[in-house]
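Start at 1 and go down the list; that is how both ligands and their atoms are numbered. In this chain, numbering begins with 1 at the start of the sequence shown.
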Amino acid sequence: MTDHLDAAGQVRDLHAFVAGLPKAELHVHHVGSASPRIVSELAARHPDSKVPTDPEALADYFTFTDFAHFIEVYLSVVDLVRTPEDVRLLTFEVARELARQQVRYAELTITPFSSTRRGIDERGFMDAIEDARKAAETEFGTVLRWCFDIPGEAGLESAEETVRMATDDRLRPEGLVSFGLGGPEIGVPRPQFKPYFDRAVAAGLRSVPHAGETTGPETVWDALHELGAERIGHGTSSAGDPGLLQYLAERRIPLEVCPTSNIATRAVTTLDEHPLKEFVRAGVLVTVGSDDPPMFGTDLNNEFAVAARLLDLDERGVAGLARNGVEASFLDAAGKARLAAEIDAYTETWLAS
Ligand SMILES: [Zn+2]
């Protein structure tokens with residue numbers, strides 16, 4: 001946004017405001033949050049991987065041509081996470097990065113199947129994320145919760161394994177709150193995952209599938225009707241369907257919007273064409289997420305700044321966006337009230353100074 005408004009002192013102020021603003025992050029992926037520093041550390045641990053260890057070569061490696069290429073790169077980083085210690089390190093370092101951005105609460109999307117099928121012991125995996133969660137809360141004060149998602153490209157076997165790990169009382173981690181579906185949408189119809197979502201929801205998990213990122217609004221309808229979606233990951237193509245926007249608005253079903261990700265994967269051609277404004281105009285509750293931040297050269301603070309520019313928001317508007325994240329979260333009522341009050345107090349102090 002500084003590119004557009006670089007003359008104004010207010011822009012720098014807005015960046016500073018965002019940087020200190022307490023926030024909730026609801027759309028961010030575990031492996032997709034691995035910073036170049038972490039990736040290079042993991043790549044050095046596992047020299048047989050194709051992933052470069054040199055930061056400059058890594059930056060080139062992270063430049064995507066399209067969504068399929070992004071998935072390919074993403075999976076090569078997944079392949080670097082091979083031991084419970086790798087999992088623990090990654091999770092803790094992701095929390096450090098969130099804490100740096102004043103994220104007080106995050107629902108981190110984790111794909112356990114990608115790790116367990118590569119041979120990481122299930123128990124070891126669950127213990128590693130839980131250990132990192134507790135350490136991060138103590139050290140940084142950032143509360144982490146998990147969304148276990150099905151990697152759509154891996155088919156129904158992955159769905160079965162993911163729901164089993166999410167619902168088996170001997171494995172299910174304490175921090176798990178929701179159940180998701182990621183990966184490519186083209187050629188991966190949502191309705192086939194209905195039985196797995198039904199089981200997850202019956203076990204008390206909330207339904208948060210990705211939908212309408214690279215396919216049309218019918219995928220979002222499927223996510224709502226077949227998978228019982230309570231929030232939609234992306235939902236970008238909802239913009240083409242006024243009836244869908246009205247449905248989302250009336251039921252307060254949030255869209256988790258990740259603008260820079262949408263450009264990086266070519267889901268949206270340019271930021272100026274991003275439908276965020278249309279969502280807000282239609283009364284849809286929107287939240288801002290960073291998706292796979294280092295891979296897309298962004299972070300949550302930058303996504304707030306991008307959203308502020310797209311929506312032409314001042315500090316109070318940006319604080320409202322942060323409060324949307326709290327409202328759309330799966331925090332309990334007391335946790336929501338506390339974080340919303342913290343956002344308000346920060347905003348009022350900022351504006352008074
Ligand atoms: Zn995502």
May I ask you to check whether Ser158 and Glu161 show a side-chain donor-acceptor distance below 3.5 Å?
no
Note on the Zn ion (ligand 1): protein N/O/S atoms within less than 2.8 Å are His27 NE2, His29 NE2, His210 NE2, Asp291 OD1
**Item:** Side-chain donor-acceptor contact under 3.5 Å, Trp146 with Glu174
**Value:** no
The ring-ring contact (aromatic ring centres under 6.0 Å, His included) partners of Phe179 (sequence neighbours excluded) come to Phe197
| message | Can you confirm whether the side chains of Trp221 and Asp241 place a donor and an acceptor under 3.5 Å from each other? | response | yes
Across all chains, not counting sequence neighbours, the salt bridge (Lys or Arg N to Asp or Glu O under 4.0 Å) partners of Arg88 are Glu85, Asp131
Contacts of His234 meeting ring-ring contact (aromatic ring centres under 6.0 Å, His included) (sequence neighbours excluded), chain-then-number -> His27, His210
